[in-house]
Amino acid sequence: MSSLRRRKPINESSDSKHKAEEEDEDHDDVDADGDDDVNGKNKKTPSKIKKKRGEKPPKQPKWSCMDTCCWFIGCICITWWLLLFLYNAMPASFPQYVTEAITGPLPDPPGVKLKKEGLEAKHPVVFVPGIVTGGLELWEGRECAEGLFRKRLWGGTFGEVYKRPLCWVEHMSLDNETGLDPCGIRVRPVSGLVAADYFAPGYFVWAVLIANLARIGYEDKTMYMAAYDWRLSFQNTEVRDQTLSRIKSNIELLVATNGGRKVVVIPHSMGVLYFLHFMKWVEAPAPMGGGGGPDWCSKHIKAVVNIGGPFLGVPKAIAGLFSAEAKDIAVARALAPGFLDNDIFQFQTLQHVMRMSRTWDSTMSMIPRGGNTIWGGLDWSPEEGNSCAKKREKKNETQIADQAGSENAVCKAKSANYGRIISFGKDVAEAPSSDIERIDFRGAIKGHSAANTTCRDVWTEYHDMGFAGIKAVAEYKTYTADSLVDLLHFVAPKMMARGTAHFSYGVADNLDDPKYKHYKYWSNPLETRLPNAPDMEIYSLYGVGLPTERAYVYKLSPHAECSIPFKIDTSADDEDTCLRDGVYSVDGDETVPVLSAGFMCAKGWRGKTRFNPSGIRTYIREYNHLPPANLLEGRGTLSGAHVDIMGNFALIEDVIRIAAGASGEELGGDQVYSKIFNWSENINLQLDEEIPVHLSS
Amino acid sequence: MASNFLRLRKPYYVESTINCSSSSDQKLVNLSFGIDETRNQTKKRQAKEHHGRRSCLDSCCWVTGYLCTTWWLLLFLYHCCLPFTVVHEVPQLMPAARLKREGLTGIHPVVLVPGIVTGGLELWEGKPCADGLFRKRLWGGGGFTQLLKRPLCWLEHLSLHNETGLDPPGIRVRPVPGLFGADYSAPGYFVWDVLVKNLAKIGYEGKNLHMAAYDWRLSFQNTEVRDCALSRLKSKIELMYRANGNKKVVVVPHSMGVAYFLHFLKWVETPPPMGGGGGLGWCAEHIKAIVNIGPSFLGVPKAVSNILSAEGKDVAYFRAMAPGVLDSGTLGLRALEHVMRVSRTWDSVVSLMPKGGETIWGNMDWSPEDEHVCDFSKKRYFRLSPSDNNVNKSNAKQVFRVKDPVKYGRIISFGKAASVLHSSQLPTAVLKEILHMSASRNFTSSCGEAWTEYDEMSRESIQKIGAADKAYTATTLFDLLRFVAPKMMNRTEAHFSHGIADNLDDPKYNHYKFWSNPLEMKLPDAPNMEIYCSYGVGIPTERSYVYKLSPSNKCKRIPYQIDTSVDGEDRSCLKSGVYFADGDESVPVLSAGFMCAKGWKGRTRFNPSGINTYVREYQSKPLTSGIKSTAHVDIMGNIALIEDILRVAAGATGEEIGGNKIYSDILRMSERINLRL
């Protein structure tokens, strides 16, 4: 590239030089030929040019602009080919060689290292990908998607987004009422390991882990990617694709063909919830469940190794549903600032995204669960006392110690109210609860003023609300986890009606209540019991040390006809309370706060509790985030970010050891850097099995 | 600015080079015309410009630029016009579109079983030379580019272990799972893709459509031993059966997949540990129909020449590639030897050897195809009208009175004379001689490292075998192969058998090596199942070969080759040393149709429960390609075949789609075969 860039000006200058020379030589020619030609000079020039140019018309004595263009393109092409050729001829190990030359020898990838230790493939491995990382392909489409049969719509290059954006949005959306396929469109998950090894070319998800597992002898018959359509609600994947049945049948097959060795399941992100759902489903009797019997899990599963699991949901999902605006859930939103926001959709990108993502039931599985008990009320939150100055201190260690100390002092004086997940205005977010005047929005009457013909094609439910409704929402000022669910019911009634049929966000009082047999509770760890499998192990592996969205400061957006009426107030900044661009952040892996990823394993399931009656052992393994040392390392081997952690060597090593048969104790038990245990202590959740009333009396 | 420009160009450029290969002829002509023209121009210019007013480099740049611009322009126009042209073709290409309008929807889950060489293979563990190819394709898809980049490394990784027939140490190459495994065999060369598209149109998707990918290099039982491929297939079929409301599956095997699935049928009902333990009713419970496409039930003669000299016309298209790529200098002029070395480690090739011996394939003087008319250019099947039929038949007989009938039974003959003379004029001691020689065989090679097993044979024995006027039939062939390739035959005879069973109740037939041979196994007890034999006819297909000693007698050379100088007169079946019979270019009609036409027809000892069989032939029309082609692999895009499969998948029975549809002589050929049923 650099050589090309240098070359261009030279080309141009030489080009012009050539032109000059040409003219000179033309004159020379004329003189030289003059002796031979007797017929006079009038005819000479054209005839000579004919000789020179073959069939070119005589009107172009010099290189025309066209020629120069061609020449220029030719130059570039040739150089490009040359580079391409060199690149292809380059041995595959060359980049590694360069890296090693610069930074010294790289550490062995964990697979190689552990193979030297003599580890071998033992337990079959099942991967459960998370939201948005799985590929989707087209099986039946409308006319505009002609020729895309079995091509990827999601994942891969996303080429179709550029070529036919509206068509793409149409095909990616689900039916607004049923949450299943719209009529005439069938988009299905890609199956096999290719489904989620790379999300986009070069952006690995599972590929590094797979490659390392392969080093110690894993292959297709001992690995299985439980690909599912991540847009659907969990039970609907069974209804439409029989995905849960397939997973069950495949796990049974893996166990049978590997000499009865139980599987190690590795879910990532939303896959964690999906697999929770699966464990309940498989033991529930048919027709609602899989009919595997009450000891299916203990017979088939050795360990569940959750990576970055949002057990209790993520606040990010709220912002995503409320205004389509949160920082990325995985990477969909990372794409958005790049190209979704520019003119392709004529300024309505966000509305389109919102309309599309609101048809995806699965996004509702990520809404914070457990309400105020877990996420904190108006005046308290489990993370109370979290100081973000400490984090900054860690980052710039060069700072003078005095300064850092003083900042710490300030921080303690002023702590963020994380419990207020959405507040309207910065002052509301910081004021003591007694000062806030709130007007209940629940009874507010929705107007019908905003439904306007110009907005038809980007219709979102906001247009049903009208000004009155919007105002009522803003008047309530601040929302905690409990009231958030009501808020979503208010602003997006259709979506939530669909969602509440499939998901539940509460805390169970009495788990024996027969209503908890319904599938909508299965993916909520606070409303289900773990299966009866005392030999199973549950791990929670996640990154820490990255600021993670926890609460938002909102404002009303200047009301235009078709836009989303709320947006994050990016002007709200407060160094001391971790408020940046309208977002309060806490410790986490950039997507999932520590609280959500760790609480269940740290407290909710620790020992014999009512959520874990058989006393399944739980382990927490945290990985401190370190940014990549240099550019050549790519996304780093020490990263703790939500998706990048899949390439973290320490994590991969742990996973391989578990797959090769190690138990949690052999790994070293808990490995904790954050304050998850302190925070869990702050949460007041009943864990002992209460004595049923009829027995006590 | 410049970098921006380039970044834009890059993908565009790559696209244009890819499209090069698939663009229409007209454009290629245009382009090459353009090249010639501009070359002429530059030559002229260079010749006439002594002063060199533009340097050579500049002219080159100009020419390339000119060409590129034109190319892009054409490409652009092509893409602009494409939508319009496609719209007109679609209804033709998609029989499913029409059937859907008739109200057809997919009912039965469909399992596709690919054949030899069409399935993709990917690398899971390799030697250092294959660095960076982890989970990249070695076979199929883009895998063949590796062949050009590092040919020896590629061959090494595709070879199997010479003794076990399994992975060599340190190398793991595995089949690509899922539909991607075999939808395209190379970019633009479809195998299953057209069929899958059509199935999708009537409602099929991942949950009721499965590709049973397996490693086609291994012997069938080894796919279970190494990859659990048979167990997976069983579990998959059971799952699809349950998940689709207890609808039985329709299985569509192709080519060698046919034998593989026969093996599966026996395996699944056999108790463990050798079998899958599905119990005796498993097939009856789970399988509705088996639609065999281009089935090689009784093997193909091509496999013989492939093993003997790596030389037959392509099995699928491996050999079609060979003349272009393998014979050129890339491998140092030993391409064929390399191919032979690699393909002899593949057990599966042996499964394609002719089965049934002389009873099926004919002996020295007799063959079931005796009345075959070879003039493919003129011969068409006029049997549609009965009067024509008789005339044609008598004509054919007259033709044959003039000429001697072709002795197809002699699959390999050394020298043309041996292929024509009456058997009494040929020496008879061949067999004994070979056996004798093989007993006294302890010759050490003088060629250093042995390339192929030929290097371990003594010169004299090679000469003796290759001496003129010897001929081998389907039975004696095996003695020959046992002699020239003892290791391979030792290995594979534990996995495959090629005989005919006398008594199927003999307990020895419970062994898995008999499972893929239709003449040594009983079909499962499943009276409601249906078996279809669907194949193309009307294309000359290799049936027997005329061999000679190869002229060069050096080390590391294959000592025999097909005598391409031998040609018959006009309208004869002999061309370039190969006798042709009717078939689909790879599989002769006899092998594809006999079992359905006679061996399994009604209640026979091979088919005790009387499973219904149907022969569906697809006639080749001259100069057709694409949607009407009937060649071995291209038939997968044949609209008539696709329509039949769709109808079966949607629940039709064999009678409903029209029962037998026969164009060839298969019925009379079968009549002539004297097999106890």
Side-chain angles (χ1 to χ4, degrees), chain A residues 1 4-5 7-8 18 21-22 25-26 28-29 51-55 63 67 69-78 80 88 91-93 139-140 146-147 149-150 186 188-194 197 207 210-211 214-215 217 219-221 241-243 245-246 249-250 252-253 256-258, chain B residues 1-3 5-6 9-10 13 40-41 44-45 48-49 51 53-54 58 60-69 83 86-87 90 124-125 131-135 149 172 174-175 177-180 183 193 196-197 200-201 203-207 227-229 231-232 235-236 238-239 242-244:
Chain A
M1 279 306 260
L4 271 178
R5 226 176 272 151
R7 196 178 182 134
K8 191 192 162 194
H18 270 298
E21 278 172 14
E22 222 176 309
E25 279 169 342
D26 245 320
D28 289 350
D29 248 12
K51 269 189 231 162
K52 263 190 286 176
R53 292 267 158 83
E55 294 136 10
W63 269 25
D67 286 335
C69 280
C70 286
W71 175 85
F72 182 67
I73 292 169
C75 263
I76 289 173
C77 286
I78 288 175
W80 179 244
N88 278 319
S93 55
W139 278 82
E140 185 181 339
E146 194 71 61
F149 175 70
R150 283 186 54 225
R186 282 186 293 152
R188 293 289 178 266
V190 179
S191 64
L193 290 177
V194 284
D197 53 350
I210 291 172
R215 293 271 190 185
E219 55 189 66
D220 219 41
K221 68 171 171 181
D241 298 337
Q242 281 93 43
T243 311
S245 301
R246 285 163 153 224
S249 149
N250 270 300
E252 283 167 358
L253 174 70
T257 55
N258 286 287
Chain B
M1 177 59 202
S3 63
F5 193 39
L6 278 174
R9 163 137 329 117
K10 183 184 167 186
Y13 214 83
N40 284 343
Q41 281 180 15
K44 262 186 216 165
R45 207 163 45 225
K48 290 188 181 178
E49 286 176 29
H51 321 290
R53 51 185 48 207
R54 252 169 266 146
D58 285 341
C60 280
C61 287
W62 178 79
V63 172
T64 344
Y66 181 68
L67 286 178
C68 289
T69 322
V86 165
V87 167
V90 160
W124 278 84
E125 185 183 339
D131 229 6
L133 290 182
F134 177 68
R135 284 185 59 223
K149 276 195 192 166
R172 282 187 291 154
R174 296 287 177 268
L179 285 175
F180 295 99
D183 53 352
D193 189 62
V196 171
K197 263 187 194 139
K201 271 262 155 80
Y204 282 92
E205 58 193 49
K207 69 174 172 184
D227 297 338
C228 307
S231 302
R232 287 163 151 225
S235 136
K236 203 79 201 182
E238 284 169 354
L239 171 67
R242 260 182 287 125
N244 290 285

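Letters A, B, ... are given to chains in the order of the sequence lines, protein chains preceding strands, and every chain is numbered from 1. This one's a predicted model, so the numbers in the text were calculated from it and none came from an experiment.
Pairing each heavy atom of A:A211 with each of B:F134, the nearest pair is CA-CE2, 3.3 Å. Contact record, A:W139 with B:Y204: CE3-O, 3.3 Å, taken as the closest heavy-atom pair.
The parts of A:T257 that come within reach of chain B are both its backbone and its side chain, each placing non-hydrogen atoms under 4.5 angstrom from that chain. Residue contact with chain A, scored on non-hydrogen atoms closer than 4.5 Å, involves the backbone and the side chain of B:L179 alike. Only the side chain of B:T69 comes within contact range of chain A, with at least one heavy atom under 4.5 Å from a heavy atom of that chain. With a 4.5 angstrom heavy-atom cutoff, A:V194 touches chain B via backbone and side-chain atoms both. In this structure, no portion of A:N258 lies under 4.5 Å from any heavy atom of chain B. The part of B:R135 that comes within reach of chain A is its side chain, from C-beta onward, which places non-hydrogen atoms under 4.5 angstrom from that chain. Interface remark: A:E219 contributes backbone and side-chain atoms alike to the contact with chain B (heavy atom separation under 4.5 Å).
Per-residue heavy-atom pair counts under 4.5 Å with chain A were compared for B:P177, B:P175, B:G178, and the maximum is reached by B:P177. When each of B:R172, B:K236, B:E125, B:R242 is scored by its heavy-atom pairs under 4.5 Å with chain A, the top score falls to B:R172.
More than 12 non-hydrogen atoms from other residues, nucleotides or ligands lie less than 6.0 angstrom from CZ of A:R188.
Taking the side chain as every heavy atom from C-beta outward, B:D227 and A:D220 never approach each other to under 4.5 Å. You'll find the side chain of B:R174 stays beyond 4.5 Å of the side chain of A:K221, heavy atoms only. Annotation: side chain of A:E140 is not in contact with side chain of B:E205 (no heavy-atom distance under 4.5 Å).
Residues passing the salt bridge (charged side-chain N to carboxylate O under 4.0 Å, His left out) test with B:E238, sequence neighbours excluded: B:K234.
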